[in-house]
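Notes to accompany the following structure.
A, B, ... follow the sequence lines: proteins, then strands. Residue 1 opens every chain. Values below: all heavy atoms of this structure, side chains included; hydrogens, waters and symmetry mates excluded.
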Amino acid sequence: MALLTGDLLLKKKGFIRINRDLCKGCGLCIEACPKGTIIMSEKLNIKGYRPAEYTENENSKNRKCTGCALCAIVCPDVAIEVFRG
Amino acid sequence: MALLTGDLLLKKKGFIRINRDLCKGCGLCIEACPKGTIIMSEKLNIKGYRPAEYTENENSKNRKCTGCALCAIVCPDVAIEVFRG
Amino acid sequence: MIKQVFKRPDALKDNIFHYCPGCGHSVIHRLVAEVIDELGIRGKTVGVPPAGCAVLAYNYLDVDMGEAPHGRAVAVATGIKRCRPDLVVFTYQGDGDIAAIGTAETVHAANRGERLTVIFVNNGCYGMTGGQMAPTTLLGQTTTTTPGGRIQLRDGFPVDLSQMLAVAGGSVYIERTAVTSPKNIIKTKKALKKAFKVQMDDLGFSLVEILSACPTNWKLSSVDSCKRIEDEVIKQYPLMVIKDTTGTHSGADEGA
Amino acid sequence: MIKQVFKRPDALKDNIFHYCPGCGHSVIHRLVAEVIDELGIRGKTVGVPPAGCAVLAYNYLDVDMGEAPHGRAVAVATGIKRCRPDLVVFTYQGDGDIAAIGTAETVHAANRGERLTVIFVNNGCYGMTGGQMAPTTLLGQTTTTTPGGRIQLRDGFPVDLSQMLAVAGGSVYIERTAVTSPKNIIKTKKALKKAFKVQMDDLGFSLVEILSACPTNWKLSSVDSCKRIEDEVIKQYPLMVIKDTTGTHSGADEGA
Amino acid sequence: MGKKRLMRGSHVIAEAATLAGCRFYAGYPITPQNELPEYLSGRFAKLEDATFIQAESELAAINMVMGASMTGVRAMTSSSSPGISLKQEGISYMAGMELPAVVANIMRGGPGLGNIAPSQQDYFQATRGGGHGDYRTIVLAPHSGQELVTLTMKAFDLADTYRTPVILLGDGLMGQMMEPVTFPEPIEPSALPKKEWTLDGAMERDSRLICSLRLDPFKMEQHNWKLARKYAAICERETEHESYLLDDAVVAVVAFGTAARIAKGAVNRVRKEGLKAGLFRPITLWPFPENEIRALTRSVKHILVFEMNFGQMVEDVRLSVGEKATVHFHGRPGGIISTPHEIADAITRLVYRHELC
Amino acid sequence: MGKKRLMRGSHVIAEAATLAGCRFYAGYPITPQNELPEYLSGRFAKLEDATFIQAESELAAINMVMGASMTGVRAMTSSSSPGISLKQEGISYMAGMELPAVVANIMRGGPGLGNIAPSQQDYFQATRGGGHGDYRTIVLAPHSGQELVTLTMKAFDLADTYRTPVILLGDGLMGQMMEPVTFPEPIEPSALPKKEWTLDGAMERDSRLICSLRLDPFKMEQHNWKLARKYAAICERETEHESYLLDDAVVAVVAFGTAARIAKGAVNRVRKEGLKAGLFRPITLWPFPENEIRALTRSVKHILVFEMNFGQMVEDVRLSVGEKATVHFHGRPGGIISTPHEIADAITRLVYRHELC
Amino acid sequence: MCKKEELVLKDREGLSYTMSITKTIFSGFGGQGVLMMGYVLATAGMQEDKHVTYLPSYGAEVRGGTANCTITVSDDPIASPVASFPDFAVLMNTPSLMRFEGKVITGGTVFLNSDMVELRPKRGDVEVVAIPVNTIAERLGNARGANMVMIGALAQKTGLVSLDSVIKSIKEIFATKGAKVHEMNTLAIKEGAAFVEEQSSS
Amino acid sequence: MCKKEELVLKDREGLSYTMSITKTIFSGFGGQGVLMMGYVLATAGMQEDKHVTYLPSYGAEVRGGTANCTITVSDDPIASPVASFPDFAVLMNTPSLMRFEGKVITGGTVFLNSDMVELRPKRGDVEVVAIPVNTIAERLGNARGANMVMIGALAQKTGLVSLDSVIKSIKEIFATKGAKVHEMNTLAIKEGAAFVEEQSSS
Ligand SMILES: Cc1ncc(C[n+]2csc(CCOP(=O)(O)OP(=O)(O)O)c2C)c(N)n1
Ligand SMILES: Cc1ncc(C[n+]2csc(CCOP(=O)(O)OP(=O)(O)O)c2C)c(N)n1
Ligand code: SF4
Ligand code: SF4
Ligand code: SF4
Ligand code: SF4
Ligand code: SF4
Ligand code: SF4
Ligand SMILES: [Mg+2]
Ligand SMILES: [Mg+2]
């Protein structure tokens with residue numbers, strides 16, 4: 001029981017990588033992310049889209065991303081890889 | 001009321017005429033006739049079918065045909081005309 | 001006073017039917033003619049016959065008629081009706097015609113709610129071409145292309161097109177009847193009349209599916225053919241009003 | 001330990017999708033690839049892509065693929081599957097492809113209970129040809145051929161093909177899902193997996209209808225497109241299991 | 001003639017059809033002709049007596065047109081190559097029933113799904129009757145925006161005059177390109193000659209029948225010879241072509257539609273270099289202007305047929321000239337649009353090889 | 001060769017197909033070829049590895065055959081004229097995808113619904129590709145029961161060799177008539193050469209694709225030229241014809257299929273009267289034996305083309321002989337079967353008119 | 001087609017040039033075994049290594065009507081299996097007589113089922129052989145064998161094929177039906193042959 | 001087809017023979033108003049009674065990708081509306097530059113939207129006119145008018161059509177949009193023209 005509580009308390013951490021040039025800037029990942037960690041980039045990518053950008057540092061301890069993969073699940077262009085741990 | 005009873009008592013009379021050469025001898029009229037007044041002819045008609053034959057005399061008082069037209073309703077070849085009165 | 005209580009309807013030409021003895025098509029032709037007479041619409045009716053045993057329907061029905069390729073009767077009828085909404089337009093189609101090759105045309109005409117009356121003669125086989133399996137052939141039934149009987153795994157189930165058409169938004173009145181007995185024949189005529197009226201009242205798509213005997217290909221006597229329908233076919237294709245939304249005017253008013 | 005919890009499925013080639021931003025086809029392609037991976041059937045699967053935006057599906061799905069003329073995918077798939085029952089055969093079809101020009105083929109394949117899995121992408125328009133009205137276009141919806149919105153009287157009602165297919169005797173599993181949110185996407189994947197399994201278990205015809213966004217032709221953002229599905233399209237096409245007789249084995253055992 | 005308008009070919013056909021009194025259209029989307037039905041869906045919505053139907057398939061579309069035509073209304077459908085293949089049964093029926101209709105084929109690369117680029121690969125299908133049975137359809141091949149106007153309108157007239165389907169044979173380029181065009185005054189359907197054979201209800205007359213079935217082979221043969229005589233009359237009266245710089249030519253290019261435009265450019269080029277080339281452009285592909293081409297061989301001994309396919313009309317040219325001239329062929333199948341330069345090259349080589357200068 | 005059996009033409013085709021290793025049939029009933037699927041429905045039911053499907057339409061049927069062919073199985077469909085029109089799109093696709101298949105067309109009178117009597121009115125459709133795009137199908141024209149055996153079996157071989165649809169072009173008479181035939185030993189599908197291009201699951205290999213789409217016009221053109229080269233090879237290698245009493249002939253009748261049988265009888269008749277007539281019978285209608293016919297013109301200056309239509313193959317004969325011989329035509333469209341006497345009359349008149357005796 | 005073709009539209013057929021080719025039409029109601037008679041004749045011809053063709057009438061127009069078929073037997077290859085003017089006609093009912101009577105060539109023979117046909121051909125240039133095939137068959141206790149009686153008569157009278165070949169053929173054709181049926185049919189064939197034999201000798 | 005045809009399969013195009021015919025390609029992302037630029041140029045040419053053609057690219061391959069169109073303006077009838085080797089190219093984004101840079105004829109001109117394209121053509125045989133059309137349009141408070149700036153620049157620089165014709169054309173094309181929009185667009189066109197004017201004089 002204690003362990004379980006501990007597990008629950010210990011928030012899962014994750015991070016994502018967005019392949020900038022695969023992204024078509026549809027914005028669905030931004031809508032999907034419960035943590036608000038993705039934004040639209042200002043600069044166009046090679047295909048002329050404004051791609052999504054992950055705003056957190058992969059190594060930061062304080063990152064909000066849980067690695068829930070909701071962003072990747074909705075991404076039509078399979079532009080997002082999700083990591084956990 | 002009396003009149004109605006009288007009407008009911010007074011059985012309707014009818015008779016039919018079968019166009020021998022239109023008939024294809026399917027026998028559906030025989031099956032349909034509640035009075036059993038139609039039979040299959042022994043002789044072939046011009047098209048080689050054994051046509052149905054009405055067995056009653058149009059003028060006979062004792063004929064069973066009620067002019068219910070069931071035979072005509074089922075006749076696929078519109079070979080039967082029905083008269084009443 | 002002697003009076004004639006049953007005679008050939010006016011809208012039926014004098015030609016002798018080319019149909020086999022006991023064929024349901026003949027009865028249905030007469031009923032259509034009677035309905036046309038009774039509605040007084042001979043002068044504004046156009047019929048579309050199918051490829052099928054009834055391909056020569058124009059030899060019998062004394063109305064304007066325009067042929068359709070096999071299965072396309074409702075498409076042809078749609079073209080006619082859209083150009084002349086004042087006409088009463090009906091198609092006359094076999095089960096192969098309407099429920100096999102013509103499936104798409106029929107589903108979509110029903111869906112569009114075309115103001116047509118479809119007479120769908122279900123005799124469980126391809127009469128004209130020699131008795132092959134039709135979409136409506138019963139499981140186990142022997143035909144020239146199911147010599148060992150229709151097998152579900154190879155040949156599929158009997159298709160219930162009328163039920164499918166009931167799903168279509170534009171269909172308003174669909175009834176299944178039979179021409180196997182005086183009672184059923186009278187019901188069929190009523191259904192046909194209603195189907196024409198649905199069109200004349202601009203309510204939507206109407207269809208009467210009529211179970212009909214094909215003694216020749218069933219290799220049964222005419223009387224036994226009618227029995228077969230009442231004993232066996234009706235189990236698969238029960239006689240019933242499959243859809244009737246004429247009361248709600250659903251066909252005509254929505255969505256525009 | 002860092003571990004990758006989401007990556008490109010193996011059965012998805014590395015090519016960049018030619019689809020528009022936010023197009024549902026892309027998501028569905030990935031789901032199909034994931035299911036193929038998870039079922040381990042890449043080496044025995046054959047896909048049939050349609051004419052439609054997904055005509056190039058073979059650029060993405062790394063399985064054997066054979067093209068079909070517009071609307072005829074299930075007929076082509078039937079030919080493949082009957083010759084090679086050991087293969088897993090699926091079609092991938094748009095709503096125009098399957099529910100307009102391909103209506104007859106689909107109805108009859110379902111009726112025959114062909115052991116096929118049909119992926120039916122309902123995006124309410126003809127994506128590839130420039131956004132014309134599809135059978136599934138909602139009433140009032142503006143398209144390039146319904147510039148004033150779809151009018152029931154002229155254009156008919158939205159067609160519910162899945163419901164019609166449920167009438168067919170050989171259909172065993174039909175579900176309608178959407179790819180509008182993580183939840184719906186996960187459900188869609190489950191449905192796809194089940195549909196493939198139904199085929200692999202030789203039960204009969206399976207189909208998943210997937211409501212999918214076409215932001216380009218709807219002239220909405222990707223996010224608004226998903227909203228439109230959830231707010232409007234679902235009213236006409238509710239997400240649900242439309243038919244599931246897998247428990248009763250109805251498809252496989254009867255009638256033979 | 002109204003003022004000049006810059007319009008896409010597909011729209012031009014649609015507008016010209018409307019002006020010709022066409023009041024029924026049924027079709028099914030296919031690139032590169034989608035703009036035609038799209039235009040008509042809006043245009044017809046504003047006319048009280050016009051019907052636009054987006055059919056469920058090309059099969060349904062052609063059969064709806066069949067029905068519409070039975071009522072006497074001017075009716076049309078359009079599609080591109082694969083869709084036209086699906087209409088072959090219907091076209092054969094209409095030919096057999098002697099029903100007028102206009103069928104526009106905006107050809108694309110084939111066979112099969114092919115591509116959506118311009119091509120002329122359906123020449124045989126159009127001119128030989130791709131459907132079953134002995135029949136022909138009149139085939140008109142426009143090569144400019146303005147001709148899309150005139151030939152579309154002419155198509156409806158020919159269809160009615162001869163009670164036969166007429167095919168307007170364009171290609172993706174004709175359908176997609178915009179050029180300035182002017183339109184004539186509209187023809188009101190009510191102003192068209194009354195048709196005596198239509199289905200409109202047997203009111204105070206005998207019932208009518210429109211059908212192609214003739215079970216008795218002798219009746220069928222009779223009907224076929226009747227059709228043959230009609231076709232012979234069309235051949236006699238209705239061929240149309242353009243002669244371009246042929247008066248003093250020693251080489252003639254024969255090309256139609258888009259290919260003919262390009263060939264014109266090529267002829268202009270080689271003329272600048274002093275080569276005596278000209279262009280013969282069949283406007284009716286069926287009836288094929290065979291006498292006119294044969295007449296050409298009095299002065300021209302080398303003919304270069306240029307088609308955007310791998311050799312179809314070239315057969316008709318060969319049939320026309322027999323051995324009176326040598327027929328060469330230059331073809332680009334599958335959606336390539338040759339440049340005028342490429343054709344000029346081909347002409348030039350021909351001229352030098354055969355020492356025609 | 002087994003013993004002689006008296007069999008209906010449609011059954012002969014069906015049996016020969018089975019013996020050739022055909023294991024997939026999809027079709028839709030239509031007179032006068034119904035006996036073909038009927039026979040196969042029983043025949044295939046007894047084979048473990050064979051599939052018979054009565055499809056919901058001709059469209060479905062041809063597309064099922066397309067799918068079956070993708071798996072490498074020998075597959076066929078059959079129909080009669082209107083049904084064949086509906087298959088044109090599918091045939092074009094299969095030509096484009098280079099898929100083998102055999103399509104039997106038991107022709108009937110047309111156009112439209114026409115009738116069910118024998119005719120040869122679909123020659124153009126078969127030989128010119130009634131579908132869209134540049135493609136050809138091999139067309140074989142049997143004229144006897146025994147040839148139904150050999151040509152049906154050959155059709156499957158040609159289809160596989162060249163990866164192309166092959167059309168077996170018969171007519172109602174060929175389909176309905178019974179003649180004695182003998183059959184060769186059956187070919188087991190497993191004994192046929194393995195096809196390396198089939199779809200059978202990408203097990204331990206790269207995934208495969210069979211398609212006709214080539215969006216890039218240059219790729220499409222390349223593919224078309226590839227097809228053209230294949231067709232040229234077929235033309236070079238595969239023409240087949242029969243020469244009958246042509247050695248000393250001054251008049252040649254050219255006829256195929258049923259018409260050729262009748263023409264043979266006519267030639268026999270006029271030979272008895274001392275007229276030097278012979279018969280040239282194309283067995284492959286495409287590729288057309290044009291060199292062989294041209295060679296004929298060394299001795300023959302008058303050719304009578306006899307067809308059961310109003311003039312189709314006559315164009316190929318004209319194209320073959322150019323102006324080296326005068327080509328006359330005798331046609332009966334719509335289901336009439338000429339008598340040998342009628343053709344003998346035609347030959348006789350020709351001979352006397354042109355003083356060829 | 002735009003060419004001005006020579007159109008020859010005559011349809012008449014002269015007498016057969018050689019006697020080696022013979023055409024026979026069988027006609028009657030469906031159910032009278034008309035097609036079977038033709039099949040038997042063609043099979044017998046085949047077994048004698050002759051060239052034979054069998055051409056049934058087919059199609060929609062025969063719904064419940066008259067069935068007929070044409071058999072050609074010849075020493076040489078057969079050009080046309082059609083008989084515009086048959087040598088022999090076997091007519092099992094009155095409509096068949098009306099339809100085909102006029103077509104038989106001069107000098108040809110008409111075989112009539114006299115049980116079903118009361119009329120007689122009006123022409124004097126054809127021989128008429130009237131046989132009560134139903135009566136004979138019924139007498140043999142083989143009511144359905146009327147067509148066998150007729151084919152026996154035909155073979156005997158015309159010599160087109162030998163009686164032996166006919167009997168051999170039906171043995172094969174009805175192979176699955178057992179010896180009893182074969183015996184009955186053989187008897188019927190022989191009775192038919194005997195009938196015409198008697199007729200001509202009388 | 002069985003004939004041995006002479007196959008000529010070359011595809012190159014020489015320089016235009018006369019200067020009277022000019023081809024311009026417009027290319028950019030969908031949404032950059034590329035097709036509208038072409039339409040305006042073609043309309044202006046038509047209003048000057050020149051021969052014009054407008055040929056859009058079309059089809060499936062352009063899903064969300066680059067749109068382009070080719071406009072031919074000519075004193076004589078136009079043979080081919082296709083430009084294998086255009087005189088002018090108006091390139092609104094980098095992919096367009098990469099695709100069309102190599103095709104422009106020697107001596108031709110490339111118009112670049114310098115706001116979107118950082119690269120410059122590597123060739124030395126074409127003139128490059130780089131215009132920050134987005135910046136200019138935004139400066140004018142007409143962010144969506146970047147294409148109008150460009151068309152003004154094009155007209156000014158090439159003299160293909162007069163600025164007046166361009167302005168007259170857009171008035172007609174946007175007739176339903178009202179005077180305000182027309183004014184804004186006219187301004188954008190003039191600004192574009194002014195920009196190249198300045199460039200070339202400086
Ligand atoms: C395209 C085409 N395919 C096939 C046929 C042949 N055909 C004529 S009628 C028919 C089916 C007849 O069956 P059904 O529609 O049930 O009518 P029935 O004769 O049973 O009344 C078929 C397959 C045809 N005429 N056209
Ligand atoms: C016979 C035929 N008709 C029409 C077309 C053109 N066409 C290609 S895809 C398509 C419809 C696309 O709509 P849908 O099936 O809904 O797919 P989506 O693009 O929306 O995914 C059409 C009409 C064709 N290729 N072939
Ligand atoms: S994995 Fe979850 S939390 Fe992390 S970015 Fe994606 S959606 Fe947001
Ligand atoms: S969902 Fe994918 S394609 Fe869309 S913006 Fe996010 S990363 Fe880009
Ligand atoms: S009218 Fe009635 S009673 Fe009289 S014969 Fe007919 S069915 Fe019998
Ligand atoms: S129902 Fe009609 S056709 Fe049948 S037997 Fe009676 S009268 Fe004759
Ligand atoms: S075959 Fe059947 S449907 Fe056709 S006419 Fe005969 S009984 Fe009627
Ligand atoms: S047009 Fe629609 S369906 Fe097609 S790729 Fe674009 S968004 Fe997807
Ligand atoms: Mg039926
Ligand atoms: Mg769609």
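- Counting only heavy atoms from C-beta outward, the side chains of K227(C) and E31(B) approach each other to under 4.5 Å.
- C71(B) does not touch chain C: none of its heavy atoms, backbone or side chain, sits under 4.5 Å away.
- Taking every heavy atom of both residues into account, L28(B) and C226(C) meet most closely at CD2-SG, 3.8 Å.
- A heavy-atom distance below 4.5 Å is not found between the side chains of Y19(C) and P76(B).
- Within the 4.5 Å cutoff, the side chain of I73(B) has heavy atoms near those of the R30(C) side chain.
- With a threshold of 4.5 angstrom between heavy atoms, L22(B) approaches chain C through side-chain atoms but not through N, CA, C or O.
- Contacts of E81(B) with chain C are made by both backbone and side-chain atoms, with heavy-atom separations under 4.5 Å.
- The two residues C26(B) and G22(C) come nearest to each other via the heavy atoms CB-N, 3.5 Å.
- Considering only heavy atoms from C-beta on, V74(B) stays 4.5 Å or farther from S181(C) through its side chain.
- Here the straight-line distance linking atom NZ of K24(B) with atom CD1 of I16(C) works out to 8.0 Å at 0.5 Å rounding.
- Proximity to chain B (any heavy atom under 4.5 Å) is restricted, for L12(C), to the side chain, taken from C-beta onward.
- Residues I2(C) and F83(B) approach most closely at CG2-CB, 4.0 Å, considering heavy atoms.
- Nearest approach of V5(C) to R84(B), heavy atoms of both residues: CG1-CB, 3.7 Å.
- For chain C, the nearby part of I80(B) is the backbone; its heavy atoms alone come within less than 4.5 Å.
- Residues F6(C) and I16(B) fail the side-chain proximity criterion, which asks for heavy atoms closer than 4.5 Å.
- Atom NZ of K190(C) has 12 or fewer neighbouring heavy atoms from other residues, nucleotides or ligands inside a 6.0 Å radius.
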